[in-house]
Amino acid sequence: MIIVLKPGVSDEDLNNFKAYIEKFGVKVDRSQGENQTVLGLVGDTTVINDDAIKANRLVEKVMRVQEPYKRANRMFHPLDTILDFDINGRKSKIGGGSFAVIAGPCSVESREQLISVANDVKKAGAMFLRGGAFKPRTSPYSFQGMGCQGLDILVEAKKQCGLPIVTELMEFNQLELFEDVDMIQVGARNMQNFNLLKELGRCRKPVLLKRGMASTMTELLMAAEYIMAGGNDKIVLCERGIRGFDTFSRNILDLAIIPALKKKTHLPVIIDPSHATGYSWMVSSMSKAALAAGADGLMIEVHNDPEHALCDGEQSLTPDAFASLIEVLRKYAAIEGKVI
């Protein structure tokens, strides 16, 4: 249930009204817009009489939410969510008119590799550094990442280049190792790992949630709802392609989900064109398309030696190719009224 209050409600009246609503056994989430206050009621709202609420002098209107996701619903939170980061005075954000670019190798392979790529992507204009320390792979014989050593290298790169770091968490018992990670990535394979999502709801650290390879939009938003139900609303949704019947590309990039998500949720939406296509020569076109479709940013794989990469070299841009792409995207972003 959504309750929109009239403009000018005092804090005292608001607190008294919330206390009255909470007596029905529901949780009340407050969202403050520019001109109105919106209260989102989560729980069994069938016991609440709509007409009685409408009759209250503070209330402008009451609406029932049909979708199963509540906190992620734009009706609960009309204004876009913006995630702010500050690393030693260097500010970055996702949402709010900023077109955020997250870049780096698929996996951390060595200190020299990551430091080199980190400096290159920062120079080109990336706002965040990505790199996998723990890698879920289809084959048990493929490179699985450097683990804790890879995390240490990521933190060192962060100290050197000043970029916030994004890396994937595979299981919740690793969470204590991610203290210095700025945004935790939940991979496509873990999108419905509900125990992991619950733990991330309690940790209050920003989460980049990737869409499952065969998941619907509602399933993606319900995964976000798991995290938000635990109290963590710092979530970025990531479309990384879904599985199709054709094999011309690694996955099928669902660009249509961008405006759909923008209509349904207040959470930022970014696109991973590297995993979506599987080919570096497709990344530029899909990046421009994502920006035009209204995405809040991109996650792009960049490797200093793609031919010898231990993971996903075929879809990785070289640092020079990445720098060229950013130059083009800045022009597109200006047209769209966004900033890189």
Side-chain angles (χ1 to χ4, degrees), residues 27 29 42 68-73 81 83 85 94 102 104 106-108 128-140 142-152 154-155 164-243 251 257 261 265-272 275-276 299 311-312:
K27 181 175 175 57
D29 291 336
V42 180
Y69 47 91
K70 309 300 181 184
R71 291 176 172 85
N73 201 308
T81 289
L83 275 67
F85 299 81
I94 301 178
I102 304 169
C106 177
S107 61
V108 180
F128 298 82
L129 173 65
R130 64 148 294 158
F134 301 92
K135 293 299 300 179
R137 304 298 299 279
T138 301
S139 170
S142 299
F143 176 63
Q144 306 288 317
M146 297 180 68
C148 294
Q149 186 181 357
L151 281 178
D152 291 340
L154 277 166
V155 173
I165 53 176
V166 183
T167 192
E168 184 170 353
L169 175 71
M170 291 178 58
E171 45 189 300
F172 61 80
N173 60 13
Q174 298 172 338
L175 196 52
E176 62 182 18
L177 303 174
F178 282 61
E179 182 66 31
D180 294 320
V181 172
D182 300 287
M183 183 155 57
I184 295 174
Q185 175 181 316
V186 175
R189 294 170 177 84
N190 267 324
M191 191 204 80
Q192 290 186 313
N193 182 339
F194 299 122
N195 287 334
L196 175 62
L197 300 180
K198 289 176 183 178
E199 288 295 326
L200 291 174
R202 288 188 277 267
C203 83
R204 304 298 192 270
K205 192 179 284 286
V207 176
L208 190 151
L209 179 63
K210 284 198 164 188
R211 181 185 183 184
M213 60 185 71
S215 299
T216 65
M217 180 179 73
T218 297
E219 288 169 337
L220 172 61
L221 289 172
M222 288 305 294
E225 192 79 7
Y226 261 92
I227 301 172
M228 299 182 79
N232 186 358
D233 59 358
K234 301 174 183 176
I235 302 169
V236 176
L237 303 175
C238 181
E239 159 63 27
R240 46 77 71 198
I242 52 178
R243 181 165 288 171
N251 294 292
I257 203 173
L261 285 170
T265 184
H266 53 90
L267 299 173
V269 181
I270 70 167
I271 298 297
D272 179 349
H275 278 92
M299 174 178 262
C311 180
D312 291 343

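Along the sequence shown, residues are numbered consecutively beginning with 1.
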Asks: Not counting sequence neighbours, which residues clear ring-ring contact (aromatic ring centres under 6.0 Å, His included) with F85? List them please.
Replies: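 Once residues adjacent in sequence are excluded, the partners of F85 under the ring-ring contact (aromatic ring centres under 6.0 Å, His included) criterion are F128.
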Asks: Going by salt bridge (Lys or Arg N to Asp or Glu O under 4.0 Å), name the residues that satisfy it together with K210, two or more places apart in sequence or in a different chain.
Replies: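 Partners of K210 by the salt bridge (Lys or Arg N to Asp or Glu O under 4.0 Å) criterion, ordered by chain and then number, come out as D272.
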Asks: Counting distance only, does the side-chain N/O of S107 pair as donor-acceptor with the main-chain N or O of G132 below 3.5 Å?
Replies: no
Asks: Considering all heavy atoms of both residues, which atom of G131 and which atom of T167 are nearest to each other, and what is their separation?
Replies: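 G131 and T167 have their closest heavy atoms at O-OG1, 2.6 Å.
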Asks: Under 6.0 Å from the CZ atom of R243, do we count more than 12 heavy atoms belonging to anything else shown?
Replies: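 No, the 6.0 Å shell around CZ holds no more than 12 heavy atoms from other groups.
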Asks: Could you tell me which residues satisfy side-chain contact (heavy atoms from CB on, under 4.5 Å) with R189, sequence neighbours excluded, listed by chain and number?
Replies: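 Testing R189 for side-chain contact (heavy atoms from CB on, under 4.5 Å), a comparison that skips the adjacent residues, returns P136, T138, M213.
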Asks: Looking at every non-hydrogen atom in both residues, tell me the closest pair between L177 and C148 and how far apart they are.
Replies: CD1-SG, 3.7 Å
Asks: Which heavy-atom pair separates L197 from A223 by the least distance, and what is that distance?
Replies: CD1-O, 3.6 Å
Asks: Is E171 atom CD crowded by more than 12 heavy atoms from other residues, nucleotides or ligands, each under 6.0 Å away?
Replies: yes
Asks: Output all residues satisfying side-chain hydrogen bond (donor to acceptor under 3.5 Å, both in side chains) with Q192, sequence neighbours left out; order by chain, then residue number.
Replies: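 With neighbours one apart ignored, the set is empty.
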Asks: Distance from L209 atom CG to I235 atom CD1, nearest 0.5 Å?
Replies: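 One gets 7.0 Å once the value is rounded to the nearest 0.5 Å.
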Asks: Can you tell me how far apart CD1 (I270) and CD1 (I94) are? Round to the nearest 0.5 Å.
Replies: 6.0 Å
Asks: Does the T265 side chain pair with the main chain of A72, one donor and one acceptor, at a distance under 3.5 Å?
Replies: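 It does hold such a pair.
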Asks: Partners of D29 by salt bridge (Lys or Arg N to Asp or Glu O under 4.0 Å), sequence neighbours excluded?
Replies: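 Once residues adjacent in sequence are excluded, the partners of D29 under the salt bridge (Lys or Arg N to Asp or Glu O under 4.0 Å) criterion are R71.
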Asks: Determine yes or no for a side-chain-to-main-chain donor-acceptor pair under 3.5 angstrom, with R130 supplying the side chain and I165 the backbone.
Replies: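 Checking the backbone N and O of I165 against the side chain of R130, no donor-acceptor pair under 3.5 Å is found.
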Asks: With side chain to side chain contact (heavy atoms under 4.5 Å, CB included) as the test, pick out the partner of L267 among L220, T81, V236.
Replies: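 Per the side chain to side chain contact (heavy atoms under 4.5 Å, CB included) rule, the option paired with L267 is T81, out of L220, T81, V236.
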Asks: Can you measure from OG (S142) to NZ (K135) and round to the nearest 0.5 angstrom?
Replies: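 One gets 11.0 Å once the value is rounded to the nearest 0.5 Å.
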Asks: Looking at F178 and E168, what are the two nearest heavy atoms and their distance?
Replies: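 In this case the closest contact between F178 and E168 is CZ-O, 3.3 Å.
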Asks: How far does CE of M222 sit from NZ of K70, to the nearest 0.5 angstrom?
Replies: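 Separation between the atoms: 8.5 Å.
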Asks: Taking ring-ring contact (aromatic ring centres under 6.0 Å, His included) as the cut-off, I'd like each qualifying pair that reaches into residues 218-241, sequence neighbours left out, listed once.
Replies: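 The answer is F194-Y226.
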Asks: How would you list, by chain and number, every residue that makes a side-chain contact (heavy atoms from CB on, under 4.5 Å) with N193, sequence neighbours excluded?
Replies: N190, N195, L196
Asks: If we only count heavy atoms from C-beta on, is the L154 to V108 side-chain gap below 4.5 Å?
Replies: yes
Asks: On a heavy-atom basis, which atom in C106 and which in C311 lie closest, and how many Å separate them?
Replies: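 Heavy atoms of C106 and C311 come nearest at SG-SG, 3.0 Å.
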Asks: What's the shortest heavy-atom distance between Q174 and M170, and which atoms?
Replies: OE1-N, 3.2 Å
Asks: Enumerate the side-chain hydrogen bond (donor to acceptor under 3.5 Å, both in side chains) contacts for residues 197-207, please, sequence neighbours excluded, ordered by first and then second residue.
Replies: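 Every side-chain hydrogen bond (donor to acceptor under 3.5 Å, both in side chains) pair that includes a residue of residues 197-207, provided the two are not neighbours, is E199-R202.
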Asks: Under the rule for side-chain hydrogen bond (donor to acceptor under 3.5 Å, both in side chains), what residues qualify as partners of D182, not counting sequence neighbours?
Replies: K158
Asks: Just to verify, what does M217 make a side-chain contact (heavy atoms from CB on, under 4.5 Å) with, not counting sequence neighbours?
Replies: L221, I257, A260, L261, K264
Asks: Between CD of E176 and SG of C203, what distance do you get to the nearest 0.5 Å?
Replies: 13.0 Å
Asks: N251 side chain to H275 main-chain N or O, any donor-acceptor pair under 3.5 Å?
Replies: yes
Asks: Write out all pairs satisfying salt bridge (Lys or Arg N to Asp or Glu O under 4.0 Å) with one or both partners inside residues 225-238, taking only residues at least two apart or from two chains.
Replies: none
Asks: How long is the gap from CG on L169 to CD1 on I184, to the nearest 0.5 Å?
Replies: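 Here the rounded value is 5.5 Å.
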Asks: Partners of S215 by side-chain contact (heavy atoms from CB on, under 4.5 Å), sequence neighbours excluded?
Replies: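 M191, R211, E219.
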